[in-house]
Amino acid sequence: MQVEALFVDAAGTLMRPREPVGVTYARFARRRGHDADPVVVDARFRAALRGATQRQRGDGRAYWSEVVAASVGVDDPALFEELYEWYGLRRAWWIDVDALRALSALARQGIRLGIISNWDRRLRLLYERFALERLFSALICSAELGVEKPDPWIFRTACRTLGVSPKNAVHIGDDPERDVAGANAAGLVGLLYEDDDGWGSLPTRIAALRRFR
């Protein structure tokens with residue numbers, strides 16, 4: 001396989017919250033007088049992500065207000081605004097140094113890098129605040145396109161943006177359906193990111209694709 005481009009999922013793959021979401025939500029909720037247990041909130045948060053009726057379009061407020069209310073068990077607009085603002089800040093997130101090291105090594109081999117993410121418009125701000133444009137040539141965000149993974153169109157749009165054929169592109173993410181199956185359906189090679197493997201194995205996985213596909 002001729003690997004010309006590698007696309008990376010953002011939340012849960014490239015970028016992680018600095019602390020568990022349940023801890024953050026519960027802390028903000030308690031400051032506003034709401035009884036919130038971090039473990040319970042975290043479980044509700046995961047269920048809310050799976051069951052959300054809204055989509056991450058535009059500023060994502062409709063989506064995230066639904067998720068926050070379901071997670072903390074109370075519909076508090078002021079609490080939502082505080083959390084919404086917090087997760088737009090650079091200090092709310094971290095990027096694994098091993099990820100940057102592995103991706104930089106692939107970039108030096110001539111592989112073009114991009115991000116494909118289901119996220120609202122705050123991702124564009126974080127992209128700039130982390131100076132990710134130094135490494136990634138394109139940011140493809142569902143909020144800006146109005147289409148979410150696993151829709152093949154978002155992957156094909158990413159390939160057109162970088163000027164590569166889907167058959168010569170790879171996408172890696174932590175969601176088997178949205179990232180792996182979605183990429184495969186669009187003609188790319190989908191790879192599953194797992195914490196047990198980490199980022200150190202990525203160059204080896206790409207090298208294997210180059211040899212055997």
Salt bridge check, [Y] against [X]: does any charged N sit closer than 4.0 Å to a carboxylate O?
X      : Y      : result
Glu144 : Arg124 : yes
Glu148 : Arg55  : yes
Arg16  : Asp96  : no

Would you confirm whether [X], through its side chain, and [Y], through its main-chain N or O, come within 3.5 Å as a donor-acceptor pair?
X      : Y      : result
Asp120 : Gly60  : no
Asp151 : Val147 : no
Thr13  : Asp174 : yes
Asn184 : Val180 : yes

Is the CG atom of Asp197 crowded by more than 12 outside heavy atoms at less than 6.0 Å?
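Count over threshold, so yes.
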Taking atom CZ as the centre, does Arg178 end up with more than 12 heavy-atom neighbours from other residues, nucleotides or ligands that are less than 6.0 angstrom away?
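No - once you tally the heavy atoms of other residues, nucleotides and ligands closer than 6.0 Å, there are 12 at most.
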Does the side chain of Thr157 pick up a donor-acceptor pair with the side chain of Arg160 at under 3.5 Å?
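Yes, a side-chain donor-acceptor pair sits under 3.5 Å.
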Please tell me whether Ser142 and Gln56 have a donor and an acceptor in their side chains that are separated by less than 3.5 angstrom.
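No pair is found: no donor N or O on one side chain lies under 3.5 Å from an acceptor on the other.
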Atom pairs and distances, side-chain donor-acceptor, residues 85-94, under 3.5 Å, sequence neighbours left out:
unit_1, atom_1, unit_2, atom_2, d
Arg90, NE, Arg129, O, 3.1
Trp93, NE1, Tyr87, O, 2.9
Trp94, NE1, Pro17, O, 3.3

Got a list of side-chain donor-acceptor pairs under 3.5 Å for residues 65-79, not counting sequence neighbours?
unit_1, atom_1, unit_2, atom_2, d
Ser65, OG, Arg61, O, 2.9
Ser65, OG, Ala62, O, 3.1
Glu66, OE1, Thr53, N, 3.3
Glu66, OE1, Thr53, OG1, 3.1
Glu66, OE1, Gln54, N, 3.3
Glu66, OE2, Thr53, N, 3.0
Glu66, OE2, Thr53, OG1, 3.3
Ser71, OG, Val67, O, 2.7
Asp76, OD1, Ala78, N, 3.0
Asp76, OD1, Leu79, N, 3.2
Asp76, OD2, Arg32, NE, 3.1
Asp76, OD2, His34, NE2, 2.7

Residue pairs involving residues 141-180 (criterion ring pair (Phe, Tyr, Trp, His ring centres under 6.0 Å); sequence neighbours excluded):
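The answer is Phe155-His171.
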